[in-house]
Asker: 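This structure is in structure tokens; I'll ask about it shortly.
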Amino acid sequence: MPARITRSRAVPGSFGSHQRDLEEIFRLEDTGIINVEASVSHRLRLDQVAEGLEMLRTKRGDPQRIVVEMAAR
């Protein structure tokens, strides 16, 4: 039987989603129906969280999905 390669995901926090919602999103992404990465409008460092919250509050920069990166890529 061939080995199955899987992706690891870490979702330490997600505003506005329940676990079942995230599981469905992962399933849809795994089957190629959606591309979550394409929906990320902004990537911010941890020290920019306050700026990201302000962007969401004021809608400045048309934030769709903001990802806070805990470490350098």
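In this text, all values refer to a predicted model and were calculated from it rather than measured experimentally.
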Asker: Starting at CD1 of I33, measure out to CD1 of I25 and round the result to the nearest 0.5 Å.
Answerer: 12.5 Å
Asker: Taking distance alone, no hydrogens or angles, what donor-acceptor pairs closer than 3.5 Å link side-chain atoms of residues 44-52 to residues at least two apart or in another chain?
Answerer:
residue, atom, partner, partner atom, Å
R45, NE, D47, OD1, 3.0
Q48, OE1, R45, N, 2.7

Asker: So, using salt bridge (Lys or Arg N to Asp or Glu O under 4.0 Å) as the criterion, who are the partners of E24 when residues are at least two apart?
Answerer: R27
Asker: Search all heavy atoms of M55 against all heavy atoms of P63 and return the closest pair with its distance.
Answerer: O-CG, 3.4 Å
Asker: For R20, what residues pass the salt bridge (Lys or Arg N to Asp or Glu O under 4.0 Å) criterion, not counting sequence neighbours?
Answerer: none
Asker: About how many Å separate CD1 of I34 and CZ of F26, when rounded to the nearest 0.5 Å?
Answerer: 9.5 Å
Asker: If we ignore angles and hydrogens, is there a donor and acceptor under 3.5 Å between the side chains of S39 and R65?
Answerer: yes
Asker: With side-chain contact (heavy atoms from CB on, under 4.5 Å) as the test, pick out the partner of V40 among V67, I66, N35.
Answerer: V67
Asker: What I want to check is whether the side chains of D62 and Q64 have a donor and an acceptor closer together than 3.5 Å.
Answerer: yes
